[in-house]
2 protein chains.
Amino acid sequence: MPAVSDCTKMLDSETKAVETPEDHAEELRLWLRLLTCTTLVEGEVRGRLRQRFDVTLPRFDLMAQLDKAPDGMTLSDVSKRMMVSNGNVTGLVERLVESGHLDRRTSETDRRVQVIRLTKLGRAEFRRMAAEHETWIADLFAELTPKDVRELMRLLAKTKASAQKSAARRRS
Amino acid sequence: MPAVSDCTKMLDSETKAVETPEDHAEELRLWLRLLTCTTLVEGEVRGRLRQRFDVTLPRFDLMAQLDKAPDGMTLSDVSKRMMVSNGNVTGLVERLVESGHLDRRTSETDRRVQVIRLTKLGRAEFRRMAAEHETWIADLFAELTPKDVRELMRLLAKTKASAQKSAARRRS
DNA sequence: GGAAAACATTTTAGGCTTAAAACAATTCGG
DNA sequence: CCGAATTGTTTTAAGCCTAAAATGTTTTCC
């Protein structure tokens, strides 16, 4: 088995460093750290939502999307926004309609489309949870200075753009 | 419905700013952006692993942990490292033993403990996948300069520490 | 030594998630 | 206007994931 980490740069005989089996260990470490941070925060939020409100994180996330859209959203909209599969949304919505948090109706103008909205109950409960949720996030990020936050926002925007381009490259 | 985003600081009549319903919108945005980046990269990696190697991300992650531990790991070790539940690991390991990638044996000295290792096949396949995986990550983060990467590493380390302290505070 | 606490793992019940296929409705091009 | 592509949703099959309870093992400490 080849010791990948031991391989040194192979210089092209003519020019400079061509065909180098490049070392991307730094990017890999960055990815792992990013994943760790997200997993950490996500797990914490999930646990608190369950303990305080007996609600799951995906349900909360879906309600958060709808809270920003008073006129409702279609299932595809939700699916794209949440970056999850269509089928996933179908099930999630089913359960939230069942529990009285969501209202679902077929569009008048396009009978393929299902429009979902928060019910009064759903909106009230979401607002209550969201207020507390915001304090949890603040606490989880408490050691970051405003400057840290700004800088992270900037760098993550760049990261997002980079990843999106890479994904688009592959799809094409 | 109260327009939360409109509320301005309420100054305490006597001193300074006490009892302010603080605004943590920036931290919230940061969290959402962090989540977006992770979801984006994770989805991309998941898809590529499936297409190229017909393997799931959790299986790849588990094998990655074991590749770093030639002497094997206990299920709890894996569970802690991967930040997933014990029961989750049990099932994951079951399937990877079934497919011949993992070897599992009960510890000689402590019959509670299961030690798992990569088999020869498992290690070979993992190495092959890992090499390609590294290039995907490099591509996904391609637009970040080395300085960006360093800075992100630093800020995410700080973020991780902050979240861990917050989680510890809650547990105590 | 033996009960109690701690530990490692598995089981259980329920929910989440995906990819792919199936179904339904609309739009598009000829 | 009609067949073909497209779009929106649901279904299916399989796997992932969690929290909590159950099981078996070891350690602790009286």
Side-chain angles (χ1 to χ4, degrees), chain A residues 35 38-40 42-63 72-99 101-102 104-116 171, chain B residues 35 38-40 42-63 72-99 101-102 104-116 171:
Chain A
L35 189 54
T38 300
T39 305
L40 210 55
E42 197 168 327
E44 202 58 24
V45 170
R46 183 195 314 285
R48 297 191 199 200
L49 279 173
R50 187 181 43 72
Q51 287 199 346
R52 277 288 284 130
F53 302 112
D54 192 33
V55 76
T56 66
L57 183 51
R59 290 207 239 256
F60 178 82
D61 285 344
L62 175 42
M63 291 170 83
M73 296 175 81
T74 69
L75 297 201
S76 320
D77 285 347
V78 173
S79 165
K80 275 174 207 124
R81 281 300 194 86
M82 294 181 72
M83 299 195 281
V84 300
S85 68
N86 286 341
N88 190 356
V89 174
T90 296
L92 221 36
V93 166
E94 217 159 62
R95 288 182 286 270
L96 279 168
V97 168
E98 169 70 24
S99 64
H101 293 86
L102 258 56
R104 149 204 255 164
R105 61 185 58 171
T106 304
S107 161
E108 301 282 329
T109 58
D110 185 341
R111 292 212 309 273
R112 287 172 303 184
V113 174
Q114 302 286 318
V115 178
I116 55 175
R171 277 195 304 275
Chain B
L35 189 54
T38 300
T39 306
L40 211 54
E42 196 168 329
E44 203 56 26
V45 170
R46 182 195 313 284
R48 298 191 199 200
L49 279 174
R50 186 181 43 73
Q51 287 200 346
R52 279 287 286 129
F53 302 113
D54 193 32
V55 76
T56 66
L57 183 51
R59 292 210 239 269
F60 178 81
D61 285 344
L62 175 42
M63 291 170 83
M73 297 174 81
T74 70
L75 296 202
S76 321
D77 285 348
V78 172
S79 164
K80 274 174 210 124
R81 282 299 194 87
M82 294 181 72
M83 299 194 279
V84 300
S85 67
N86 286 340
N88 190 358
V89 174
T90 297
L92 222 34
V93 166
E94 216 159 63
R95 288 182 286 271
L96 279 167
V97 168
E98 169 71 24
S99 63
H101 294 86
L102 257 57
R104 147 203 257 162
R105 62 186 57 169
T106 304
S107 161
E108 301 283 330
T109 58
D110 184 341
R111 291 212 310 273
R112 286 172 303 182
V113 173
Q114 303 285 319
V115 178
I116 55 175
R171 276 195 304 276

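Chain letters run A, B, ... following the sequence lines, proteins first, then strands; residues in each count from 1.
Closest approach of B:V115 to B:S107, counting heavy atoms only: CG2-CB, 4.4 Å. What you find for A:T106 and A:R111 is that their closest heavy atoms are CG2-O, 3.6 Å. Smallest separation of non-hydrogen atoms from B:L62 and B:V78: CD1-CG1, 3.4 Å. In plain terms, the two heavy atoms of A:M83 and B:L40 that are nearest each other are SD-CD1, 4.0 Å. Across all non-hydrogen atoms, the minimal contact from A:I116 to A:R104 is CG2-CB, 3.8 Å.
The interatomic distance linking B:R50 (CZ) with C:dA19 (C1') rounds to 6 Å, in whole Å. Rounded to a whole Å, the NZ atom of A:K80 is 15 Å from the P atom of C:dT18. Between A:M63 atom CE and C:dC16 atom C1' the separation is 17 Å, expressed in whole Å. Going from atom CZ of A:R111 over to atom C1' of C:dT27 covers 15 Å, rounded to whole Å. Taking atom CG of A:L92 as the reference point, atom C1' of C:dT17 lies 10 Å away to the nearest angstrom. Atom pair A:E108:CD and C:dT26:P shows a separation of 12 Å (rounding to whole Å applied). Rounded to whole Å, atom P of C:dG15 lies 18 Å from atom CG of A:D61.
Judged by closest nucleotide on DNA chain D, B:M82 is the one of B:T109 and B:M82 placed further toward the 5' end. Residue B:Q114 is the one, among B:Q114 and A:P58, whose nearest nucleotide of DNA chain C lies closer to the 5' end (criterion: closest heavy atom). Along DNA chain C, the nucleotide nearest to B:G43 and the one nearest to B:V115 differ in position, and the one closer to the 5' end is contacted by B:V115.
At a non-hydrogen distance threshold of 4.0 Å, A:N86, A:G87, A:T90 from residues 84-91 of chain A come into contact with DNA chain D.
Residue contacts shown for B:L57 are absent, as no nucleic acid heavy atom lies under 4.0 Å away. At the heavy-atom level, B:T74 lies under 4.0 Å from the strands shown only through sugar-phosphate atoms.
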Between B:H101 and B:R59, is the side-chain contact (heavy atoms from CB on, under 4.5 Å) condition met? List the steps. CA-CA 10 Å; B:H101 294 86; B:R59 292 210 239 269; over 6 Å; no
What do the steps show when you test A:Q114 against A:T90 for side-chain contact (heavy atoms from CB on, under 4.5 Å), and what is the final call? CA-CA 10 Å; A:Q114 302 286 318; A:T90 296; over 6 Å; no
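B:T38 places no side-chain N or O within 3.5 Å of a backbone atom of B:L35 that could act as its donor or acceptor partner. Between the side chain of B:S79 and the main chain of B:V84, a donor-acceptor pair closer than 3.5 Å is present.
With a cutoff of under 4.0 Å to any heavy atom of chain A, the contacted region of DNA chain D is bounded 5' to 3' by D:dT7 to D:dA20.
In the set C:dT10, C:dA25, C:dC16, C:dT10 carries the atom at the smallest distance from any side-chain atom of B:L75.
At C:dT10, one or more side-chain N or O atoms of B:R104 fall inside 4.0 Å of OP1 or OP2 (strictly under the cut-off).
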